[in-house]
Colleague: 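Below is a structure I'd like to ask you about.
Hydrogens, waters and symmetry mates are skipped; everything else that's a heavy atom, side chains included, is used.
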Amino acid sequence: MAEEEEYPDVELSDKQKKEIAKWFLLNAPAGEIQYIAKDLKSVLNDDTVYNEAAEEAFPSYNKSHLICLLLPNRSGDLLVTAYNELDKNEYLDPRTAQVATVDHVKQVCTDVRPATDEELPSPYVEEYRYILDAEILKYVAEAYPKGVCAVYCTNGKDLEGPGSEFELVVVISAVKQSPKNFCNGSWRSVWNIEFKDDVQMLGIKGKIQVAAHYFEEGNVQLDAKHECKDETIFQAPDDCALSVANIIRHHEAEYLASLEASYSNLPDTTFKDLRRKLPVTRTLFPWHNTMQFSLTRDIQKELGLEK
């Protein structure tokens with residue numbers, strides 16, 4: 001048998017370790033970052049490096065995954081997003097007119113205070129936001145058993161009346177975690193609604209992301225994304241809210257149906273080839289050396305950390 005190839009030890013700087021740790025945290029499947037963090041902390045065996053990586057990675061992960069936290073006074077749920085971020089640790093909940101302080105690494109709300117008038121939309125914009133929020137709440141309650149939602153004003157919040165443009169964002173997040181059954185999943189959708197007063201139209205842009213992770217005797221992940229556009233007439237707040245909610249309902253139902261149709265055939269197509277038995281060569285291979293080296297090398301390449 002040929003002599004085993006020698007794989008050199010890779011010496012990494014603290015900066016490189018931090019970047020690799022961040023990569024793992026940021027790429028954790030939905031709802032699984034705390035499991036990844038626990039393992040990373042053990043592997044790194046360096047609290048300083050781990051803490052620096054966690055402090056940089058967790059805020060980005062929490063916002064991109066639209067995580068939901070319980071407010072300290074149990075007055076409601078808080079979505080952590082880029083749309084309601086006031087400061088790096090403060091997030092507005094327009095439904096309760098409160099601002100929560102978030103500990104990103106622990107993923108908890110540590111404090112809450114009333115929002116100031118400057119942090120809230122004007123009465124004119126709030127009427128549209130409030131009624132749309134109520135309609136989206138009804139829809140989410142019907143469509144997502146464990147879904148949460150929020151509506152934020154991202155542009156023109158100080159507008160006092162008709163005559164200009166403002167923008168609202170609808171955020172919907174639903175997570176199903178079942179680690180005992182070796183599966184987790186999430187649905188995230190963001191809908192930007194531009195209220196264009198000059199043309200009396202509402203421009204609607206939607207982004208949907210569906211993630212699933214199944215890890216019983218293997219590791220299968222789904223990460224599907226979809227974008228769409230629509231529009232409706234600029235009307236009274238009640239009519240606008242109903243039209244927008246119906247448009248969102250239509251597009252999300254349509255996309256879900258297309259996903260179900262696409263992935264119902266996987267067992268007989270994509271996964272069929274994966275069930276073929278691999279040949280047995282009985283050749284010893286130095287897995288204990290190569291796995292760590294190869295993974296480290298690939299991540300270094302992706303992060304641009306190669307020497």
Colleague: Do His104 and Tyr91 have their ring centres less than 6.0 Å from each other?
Modeller: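 Yes, close enough.
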Colleague: Considering only NZ, NE, NH1 and NH2 on the basic side and carboxylate oxygens on the acidic side, decide whether Lys157 and Glu126 come within less than 4.0 Å.
Modeller: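 Salt bridge between Lys157 and Glu126, a charged N being under 4.0 Å from a carboxylate O: no.
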Colleague: Between Phe182 and Tyr214, is the ring centre distance below 6.0 Å?
Modeller: no
Colleague: Any idea how Tyr255 and His226 line up, ring-wise: parallel (<30°), tilted (30 to 60°), or perpendicular (>60°)?
Modeller: parallel
Colleague: What distance do Glu252 atom CD and Trp187 atom CH2 have between them, rounded to the nearest 0.5 Å?
Modeller: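 Rounded to the nearest 0.5 Å, the CD-CH2 separation comes to 5.0 Å.
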Colleague: To the nearest 0.5 Å, how far apart are NZ in Lys205 and NZ in Lys207?
Modeller: 8.5 Å
Colleague: Is the closest side-chain heavy-atom distance between Val175 and Asn184 below 4.5 Å?
Modeller: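 They are not in side-chain contact.
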Colleague: In terms of side-chain geometry, is the basic nitrogen of Arg249 or Glu142 positioned less than 4.0 Å from the acidic oxygen of its partner?
Modeller: yes
Colleague: Under 4.5 Å between side-chain heavy atoms, hopping through other hydrophobics if needed: is there a path connecting Val151 to Phe166?
Modeller: yes
Colleague: Heavy-atom distance under 4.5 Å between the side chains of Asp46 and Lys17, does that happen here?
Modeller: no
Colleague: Report yes if the side chains of Glu165 and Asp198 come closer than 4.5 Å at any heavy-atom pair, otherwise no.
Modeller: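 Counting from C-beta outward, Glu165 and Asp198 do come under 4.5 Å.
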Colleague: Quick one: do Ile172 and Ile193 end up in the same hydrophobic cluster if we chain Ile, Leu, Val, Met, Phe, Trp and Tyr together by side-chain heavy atoms under 4.5 Å apart?
Modeller: yes
Colleague: Sort out for me which residue in Asn192, Thr81, Asn84 forms a side chain to side chain contact (heavy atoms under 4.5 Å, CB included) with Val169.
Modeller: Asn192
Colleague: If I take atom CD1 from residue Ile136 and atom CD1 from residue Ile248, how far apart are they, to the nearest 0.5 angstrom?
Modeller: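 Rounded to the nearest 0.5 Å, the CD1-CD1 separation comes out at 4.0 Å.
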Colleague: In the structure I gave you, are the side-chain heavy atoms of Asp93 and Leu71 within less than 4.5 Å of one another anywhere?
Modeller: yes
Colleague: As an exercise, state the distance from NE2 of His65 to OG of Ser60, rounded to the nearest 0.5 Å.
Modeller: 10.5 Å
Colleague: Is the side chain of Ser173 donor-acceptor paired with the backbone N or O of Leu66 at a distance under 3.5 Å, no angle test?
Modeller: yes
Colleague: Compare all side-chain heavy atoms of Tyr83 with those of Val190 and state whether any distance is below 4.5 angstrom.
Modeller: yes
Colleague: Would Ser164 and Asp197 count as a side chain to side chain contact (heavy atoms under 4.5 Å, CB included) if you check the C-alpha gap in whole Å, the side-chain angles of each, and the deciding distance to 0.1 Å?
Modeller: CA-CA 6 Å; Ser164 189; Asp197 187 84; 5.9 Å; no
Colleague: Counting only N and O atoms by type, is there a donor-acceptor contact under 3.5 Å from the side chain of Glu127 to the main-chain atoms of Tyr124?
Modeller: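 Judged by distance alone, no pair lies under 3.5 Å.
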Colleague: Check the hydrophobic clustering (I, L, V, M, F, W, Y; side-chain heavy atoms under 4.5 Å; chains of links allowed) and say if Val210 and Val171 are grouped together.
Modeller: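 In one cluster with Val210: Val171, no.
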Colleague: Indicate, with yes or no, if Ile204 and Val140 share a hydrophobic cluster defined by side-chain heavy-atom contacts under 4.5 Å among Ile, Leu, Val, Met, Phe, Trp and Tyr.
Modeller: yes
Colleague: Hey, is CZ on Phe215 packed in by over 12 heavy atoms from elsewhere, all under 6.0 Å?
Modeller: yes
Colleague: More than 12 non-hydrogen atoms from neighbouring residues, nucleotides or ligands closer than 6.0 Å to CG on Leu86, yes or no?
Modeller: yes
Colleague: Would you compute the distance between atom NZ of Lys176 and atom SG of Cys183 and round it to the nearest 0.5 angstrom?
Modeller: 7.0 Å
Colleague: Are any non-hydrogen side-chain atoms of Thr232 and Met201 less than 4.5 angstrom apart?
Modeller: no
Colleague: Using a strict cut-off of less than 4.0 Å between a Lys/Arg side-chain nitrogen and an Asp/Glu carboxylate oxygen, indicate whether Glu85 and Lys63 qualify as a salt bridge.
Modeller: yes
Colleague: Which distance, rounded to the nearest 0.5 Å, do you find between the CD1 of Ile208 and the SG of Cys228?
Modeller: 5.0 Å
Colleague: In terms of hydrophobic clustering (I, L, V, M, F, W, Y; side-chain heavy atoms under 4.5 Å; direct or indirect links), are Leu137 and Val148 co-clustered?
Modeller: no
Colleague: Before accepting this row, confirm whether a basic side-chain N of the pair Arg113/Glu119 lies closer than 4.0 Å to the acidic partner's carboxylate O.
Modeller: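 Result for this pair is yes, salt bridge flagged.
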Colleague: Find out whether Tyr128 and Cys240 are in side-chain contact, i.e. whether some heavy atom of one side chain is under 4.5 Å from a heavy atom of the other.
Modeller: yes
Colleague: Salt bridge between Asp133 and Arg95, side-chain N to carboxylate O under 4.0 Å?
Modeller: yes
Colleague: I'd like to check Leu69 versus Ile67 (side-chain heavy atoms, cut-off strictly below 4.5 Å). Are they in contact?
Modeller: yes
Colleague: Can we say Glu56 and Lys22 salt-bridge, meaning some charged N sits less than 4.0 Å from an Asp/Glu carboxylate O?
Modeller: yes
Colleague: Show, in sequence, the C-alpha distance, side-chain angles and deciding distance for His213 and Asn219, and conclude whether the side-chain hydrogen bond (donor to acceptor under 3.5 Å, both in side chains) test is met.
Modeller: CA-CA 7 Å; His213 184 206; Asn219 183 8; 2.7 Å; yes
Colleague: What heavy-atom pair brings Cys153 and Gly156 nearest, and what distance separates the two atoms?
Modeller: SG-C, 4.2 Å
